[in-house]
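For reference, the structure discussed in these notes is given below.
Keep in mind that the numbers below use all heavy atoms, side chains included, and drop hydrogens, waters and symmetry copies.
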Amino acid sequence: MQGTEKGKNQPDELDIRRFQENVLDFYRRNGRHDLLWRKTNDPYHILVSEIMLQQTQVQRVTVKYPQFISVFPDVSSLAGSTLAEVLWVWKGMGYNRRAIALRTIAGLVVSRFSGLIPDDEAVLSGFPGIGKATAGSIAVFAFNRPAVFIETNIRRVFIHCFFSDRVPVSDREILPLVARTLDREHPREWYYALMDYGSVLGRRIPNPNRRSTHYHRQPAFEGSDRQLRGLILELLLQEGTMIINDLVTRTGEQPGRTGEILLALVREGFVTLENDTVRLHN
DNA sequence: TTCCTGTTGC
DNA sequence: GCAACTGGAA
């Protein structure tokens, strides 16, 4: 879709209309209509999918999502779980804090919202692990609300179609266009279309998101603290409780380095220290 | 190497 | 505003 709207920062009504038609046309023919979390109206299931999809490719979520839902089919089952149980199912997804956040959210929903996922963006944003993008997507996909939000696919579409001649582009500039183009009668379908189009953009062209002010590369993983964190959590999941000295030995790292990371994991609610032993929190 | 339906804490 | 967080696939 080399749209006529390409490059226009100030599109008129006709440009908007053409853009919408192009995106919807693409969606009808090439939309990812088979994604499981698009076939449900259960807000809890959609919450799970949205947390999983943060910085994680769809293909990997298609595997983990049904497993997670099968083990924790409703909010109360997740709220009543232990952290170790959740991390065990979460294993392989990365960004393990999301697992903690998801479980905490389930507890809050049960204790303060009668077990019902809130439909208000501001309330959703108040939950741990939910920022603007996830709050917006839950409002849209779980409740069909005409919320305005930006994530990586949406950002790519708008930069490509409306800012082809600009570097850099900020989300503040994109947001009004997201609002203008939004189909307020069918927000859910519209955002599916937008994101699906964005997901295939940039296969042949350089990633348009590199022209975003919010774009940055990730540092190398090999040898990083992230890698050691992952290893420590993996060991604790396998062993349950461990003597700290044994844990240090198993990581093969300097005691000081492992110790620092262990303390960070304590601060973030992953693990608990007791005397000379360490275990997953709870 | 690059990217992925971001959020958080400083 | 910016670094940290995580793992897998092309």
Rounded to the nearest angstrom, tell me the gap between atom [atom1] in [X] and atom [atom2] in [N].
X      : N     : atom1 : atom2 : answer
A:R155 : B:dC3 : CZ    : C1'   : 13 Å
A:R267 : C:dC5 : CZ    : C1'   : 14 Å
A:H214 : C:dA3 : NE2   : C1'   : 16 Å
A:Q54  : B:dC3 : CD    : P     : 20 Å
A:I51  : B:dT8 : CD1   : C1'   : 13 Å
A:N96  : B:dG6 : CG    : P     : 17 Å
A:R211 : B:dC3 : CZ    : P     : 13 Å
A:R98  : B:dT7 : CZ    : C1'   : 11 Å

Which part of the nucleic acid, if any, lies within contact of [X], taking any heavy atom under 4.0 Å across all strands shown: a base, the sugar-phosphate backbone alone, or nothing?
X      : value
A:F149 : nothing
A:R217 : sugar-phosphate
A:R32  : base
A:R210 : sugar-phosphate
A:I154 : nothing
A:V61  : nothing
A:Y192 : nothing
A:W37  : base
A:E50  : base
A:Q227 : nothing

Practice task
Can you establish whether the number of heavy atoms outside A:Q238 located under 6.0 Å from its atom CD is more than 12?
Solution key: yes
Exercise for the section: Assess whether atom CZ of A:R17 is packed by more than 12 heavy atoms of other residues, nucleotides or ligands within 6.0 Å. Expected result: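 Counting neighbours around CZ of A:R17, 12 or fewer heavy atoms of other residues, nucleotides or ligands fall under 6.0 Å, so no.
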Selected nucleotide, minimal atom distance to [X] side chain, candidates [options]:
X      : options              : answer
A:N209 : B:dT5, B:dC4, C:dG7  : B:dC4
A:R97  : C:dC5, C:dG8, B:dT5  : C:dC5
A:T152 : B:dT5, C:dA4, B:dT2  : B:dT5
A:F221 : B:dT7, C:dG7, B:dT5  : C:dG7
A:N207 : B:dC3, B:dG6, B:dT5  : B:dC3
A:N153 : B:dC4, B:dT5, C:dG7  : B:dT5
A:Q57  : B:dT5, B:dT7, C:dA10 : B:dT5

Can you tell me if the side-chain N/O atoms of [X] get under 4.0 Å from OP1 or OP2 in [N]?
X      : N     : value
A:T134 : B:dT7 : yes
A:Y95  : B:dT8 : no
A:Q55  : B:dG6 : yes
A:R156 : B:dC4 : yes

Practice task
Just say parallel, tilted or perpendicular for the rings of A:F162 and A:F158, cut-offs at 30° and 60°.
Solution key: parallel
Problem - Which residue lies more 5' along DNA chain C, comparing A:T213 with A:D225 via nearest heavy atoms - result: A:T213
Problem - Donor-acceptor pair between A:T40 and A:D42 side chains, under 3.5 angstrom - result: no
Exercise for the section: For A:R145 and A:P187, work out which heavy atoms get closest and say how close. Expected result: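 Nearest pair, atom of A:R145 first, then A:P187: O-CB, 3.5 Å.
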Exercise for the section: Between C:dA4 and B:dT5, how far apart are the P atoms? Round to whole Å, please. Expected result: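 Between the two P atoms, the distance is 24 Å.
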Problem - Distance-only donor-acceptor test (3.5 Å): side chain A:E151, base B:dG6 - result: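 Result: no qualifying N/O pair found.
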Exercise for the section: Would you state whether a donor and an acceptor, one from the side chain of A:R60 and one from the base of C:dG7, lie under 3.5 Å apart? Expected result: yes
Problem - In one Ile/Leu/Val/Met/Phe/Trp/Tyr side-chain cluster, 4.5 Å: A:W37, A:V71 - result: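 Yes, it is one cluster - the side chains of A:W37 and A:V71 are joined through contacts under 4.5 Å.
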Problem - Side-chain donor or acceptor of A:R155 paired with backbone N/O of A:S212 under 3.5 Å - result: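 Flag not set: sc A:R155 to bb A:S212 has no pair under 3.5 Å.
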